[in-house]
Amino acid sequence: MATDVSSPSGAAPAVLRFNPRMLFLSQSPARIQAALRGEPVALAAALPLRDDVSTDEITPIAILTHYDEKLGRYPYTGLQVQGQRPVAPGALARSGIEVVVAGRRYGKGSSREHSPAAERLAGVRLVIAESFERIYRQNADNIGLLTSTDMGLVQRIAAGEAIALEELLAGRDALAAAIVRGGGLLRFGQACLRGVRPAPVPTAAAAPGPRTLFEKIVARHALATELTPAHPAAGEGAFVRADWRFIHEYYTGMAAHMLHASLGRPLALRDPASIVVFEDHTSYVEESPAHVRGGLVPDVRRMVDAQRRFVADHGLRCHRTLTEAEAARDDGSNVAGISHAMVTEHYALPGQLVVGTDSHTPHSGALGCAAFGVGTTDMANAFVTGAVRMTLPASLRVELDGRLAPGVTAKDVALHLLALPFIRAGGGVGKVFEFAGAAIAAMSTDERATLTNMTAELGGFTGIVAPDAETVRFLRERRGADFALQPWMRSDPGARYAHVIRVDCAQVGPMVAAPGDPGNGLPLARLARPVRIDIAYGGSCTAGKREDFDHYHAVLRWAADRGLRVAPGVALYLQFGTTAVRDHCAAAGYLDAFERVGARILQPSCGACGNCGPGGSSDPGQVTVSAINRNFPGRGGPGSVWLASPPTVAASAIAGEILSFEELQARHA
């Protein structure tokens with residue numbers, strides 16, 4: 001197999017032999033370390049295996065400044081097992097191990113292609129797991145890292161048996177199989193995607209039965225190729241044209257490196273006017289403990305410089321980072337913020353198809369468009385061919401009935417969904433979450449975006465809400481866009497769904513998720529004991545929107561008017577998602593209350609959520625309550641992270657422990 005991630009040198013062989021000594025990602029750190037030392041470890045001895053291994057654990061955020069061969073030192077260095085990190089830098093590469101085995105939902109979390117790239121560069125050729133997250137597996141396909149859900153392979157490989165490539169491709173769609181056989185997506189794209197053309201949009205009469213809104217959007221963007229159907233069905237591979245492609249600084253250098261290594265210079269990008277580039281993770285990197293302690297700030301600067309060179313070379317539209325110093329002299333011309341929130345505020349429209357190199361790209365699904373995350377190779381290929389790879393997913397319908405009680409938000413609904421046994425068992429993996437019902441109809445677009453954004457945590461391909469009068473209002477008031485809905489922009493009666501989830505929202509109260517996984521949800525009222533906190537963080541794409549700040553302000557204005565401040569020993573950080581949110585808060589007079597209670601206000605950017613700014617922990621003993629979307633081990637620092645809604649985060653900051661706003665009011669009645 002090829003070892004150069006950026007430039008696969010040939011097709012995958014028809015028959016493969018692997019080193020019979022494997023790394024089982026066990027729940028025993030001793031078993032992991034024994035395998036890395038070269039000692040034989042059998043599957044039976046390694047059980048139970050770790051489920052939910054996230055990309056944060058495969059490649060911690062701090063090492064994402066690397067986008068070349070250096071990544072091979074770092075796979076699994078963030079893996080936490082029984083409070084230990086059993087994999088040291090370089091350990092996997094030195095071991096000679098070629099096969100890694102894990103449990104369910106392998107590759108959860110971020111869309112970072114650094115994870116499979118690091119594994120492959122360390123010598124891994126095959127990952128076997130009970131199930132994979134969609135973006136991780138697609139990223140692995142694209143760079144020639146093999147994956148399989150056939151646990152029976154473990155015994156056969158241990159016995160030295162050769163494995164046919166076709167066995168590893170069993171059950172994969174035809175497009176995925178072709179890409180793996182061909183040695184990766186960039187080779188495949190150059191050979192098969194020249195001169196692709198849009199498929200004809202099917203008329204209502206010609207459509208193959210009732211369809212969901214997502215299926216209709218895909219049909220309108222499908223590209224006809226020799227290997228992909230013009231109008232794919234669920235489970236079939238496809239290439240589609242995107243109305244918008246966006247990327248940010250953690251991926252652009254890697255994409256450019258791949259393209260230049262494979263295609264040379266100069267590059268010709270397809271439709272560069274539809275490409276948007278963001279700097280949204282680096283505003284506060286010099287205050288990030290992980291980056292400062294690791295001496296990584298210069299690497300971040302080089303990463304940003306690589307993106308700026310790519311932008312300049314191709315004349316691309318770019319939203320640059322906004323530091324505190326720049327904000328102080330900003331004349332309003334620097335429109336900045338978190339990439340997917342910015343796309344919703346400025347670019348995406350109902351019925352469009354949007355792709356970005358971030359797992360939270362589904363944020364824009366709140367507008368009624370098909371928005372999903374892709375990996376670096378997918379985006380690099382899309383830059384030069386205009387074609388975006390996908391496998392058409394099945395859809396779930398989420399009927400949110402009833403009306404939310406006062407003080408209960410979309411974030412509470414998301415945490416409730418994450419705690420459902422169906423979701424915890426992986427029932428939503430790879431699916432489209434179509435949100436509907438009376439509660440959705442009553443929600444603002446900002447609140448809808450919380451739900452579509454967090455389909456990444458639900459394991460979904462994307463989330464979508466059919467556009468309606470609220471969507472038109474949002475576009476008119478936030479963007480000055482006079483948008484007219486079209487009759488086709490809804491799911492047809494009788495459209496097929498793999499499953500229907502029904503939630504009586506009147507029964508949902510304030511929720512939290514215990515540290516370690518967003519699925520560790522429970523009603524706040526059922527906390528067994530008080531949870532003291534050191535840090536409260538309100539921000540991120542999920543909770544840095546205008547309406548989220550309305551919630552923060554409602555709590556903190558109430559507290560300020562009673563002479564209350566952030567509890568002693570607690571730090572409260574409030575970080576705007578975009579400059580438009582910041583300007584809304586200033587115009588509405590919110591900053592006074594924030595300052596009176598002692599909050600620190602941060603400029604628009606990703607921050608503590610990505611462990612790249614203030615609000616993250618610096619000590620394992622610290623406890624954070626946060627409005628971000630995920631709390632995988634190591635996410636937001638070495639401490640413990642509880643997830644909660646914006647009003648709960650603000651109330652907890654005042655109380656010094658995790659508390660709802662209603663409880664805080666009762667305490668100070």
Side-chain angles (χ1 to χ4, degrees), residues 337-338 341 360 363 366 404-418 439 443-454 457 505 508-513 518 521 523-524 533 535-560 564 566-567 570-578 580-582 584-585 588 590-591 593-594 597-602 604 606-609 615 624-631 636 641-655 657-665:
I338 302 170
H360 292 112
H363 195 101
L404 292 172
V408 179
T409 70
K411 180 63 172 291
D412 298 302
V413 175
L415 294 178
H416 174 84
L417 290 170
L418 278 157
M443 282 185 188
S444 67
T445 301
D446 277 356
E447 286 285 85
R448 295 173 182 182
T450 296
L451 294 173
T452 61
N453 177 293
M454 290 193 66
E457 283 64 50
C505 288
V508 176
M511 296 283 296
V512 292
L524 181 53
I533 62 169
I535 301 168
Y537 177 82
S540 80
C541 54
T542 310
K545 306 181 298 299
R546 180 184 294 192
E547 190 154 329
D548 300 316
F549 271 83
D550 293 343
H551 287 301
Y552 299 131
H553 178 258
V555 176
L556 299 177
R557 173 65 67 186
W558 177 91
L564 301 175
V566 172
V570 175
L572 169 61
Y573 300 90
L574 297 175
Q575 186 160 26
F576 308 113
T578 68
V581 175
R582 178 198 65 188
H584 161 74
C585 291
Y590 288 179
L591 303 185
F594 298 161
V597 300
R600 180 178 173 188
I601 310 302
L602 301 171
C606 287
C609 178
T624 299
V625 61
S626 180
I628 64 178
N629 37 40
R630 53 181 59 143
N631 59 346
V641 178
W642 290 75
L643 301 182
S645 70
T648 296
V649 167
S652 301
I654 301 299
E657 63 184 82
I658 298 179
L659 207 67
S660 72
F661 184 28
E662 183 179 12
E663 291 172 314
L664 180 68
Q665 290 172 306

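Each residue takes its place number in the sequence, starting with 1.
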Quick one, [X] and [Y] - any side-chain contact, counting heavy atoms below 4.5 Å?
| X | Y | result |
| --- | --- | --- |
| L451 | M443 | yes |
| V512 | I658 | yes |
| T409 | H551 | yes |
| L524 | E663 | yes |
| W642 | T624 | no |

Side chains of K545 and T450, donor plus acceptor under 3.5 Å:
yes
Tell me the closest heavy-atom pair linking [X] and [Y], and the distance in Å.
| X | Y | value |
| --- | --- | --- |
| V413 | C505 | CG2-SG, 4.5 Å |
| L643 | L415 | O-CD1, 3.9 Å |
| E457 | L418 | O-CD2, 3.3 Å |
| P646 | D548 | CG-OD1, 3.7 Å |
| A513 | N631 | O-ND2, 3.6 Å |
| C606 | Q575 | O-NE2, 4.0 Å |

Look up atom [atom1] in [X] and atom [atom2] in [Y], then write down how far apart they are to the nearest 0.5 Å.
| X | Y | atom1 | atom2 | result |
| --- | --- | --- | --- | --- |
| L556 | L591 | CG | CG | 11.5 Å |
| L659 | L664 | CG | CG | 6.0 Å |
| N453 | C541 | CG | SG | 4.0 Å |
| N629 | H360 | CG | NE2 | 3.5 Å |

F576 meets the ring pair (Phe, Tyr, Trp, His ring centres under 6.0 Å) criterion, sequence neighbours left out, with F549
Ring pair (Phe, Tyr, Trp, His ring centres under 6.0 Å) with H584: which residues, sequence neighbours excluded?
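Counting only residues at least two positions away or on another chain, H584 forms a ring pair (Phe, Tyr, Trp, His ring centres under 6.0 Å) with Y590.
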Just to verify, what does E447 make a side chain to side chain donor-acceptor pair (under 3.5 Å) with, not counting sequence neighbours?
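For E447 there are no side chain to side chain donor-acceptor pair (under 3.5 Å) partners, ignoring immediate neighbours.
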Of V649, V555, T648, which meets side-chain contact (heavy atoms from CB on, under 4.5 Å) against F661?
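Running side-chain contact (heavy atoms from CB on, under 4.5 Å) over V649, V555, T648 with F661 returns exactly one hit, V555.
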Donor-acceptor under 3.5 Å ([X] side chain, [Y] main chain):
| X | Y | value |
| --- | --- | --- |
| S645 | K411 | no |
| R600 | L574 | no |
| D446 | E547 | yes |
| S540 | T542 | yes |

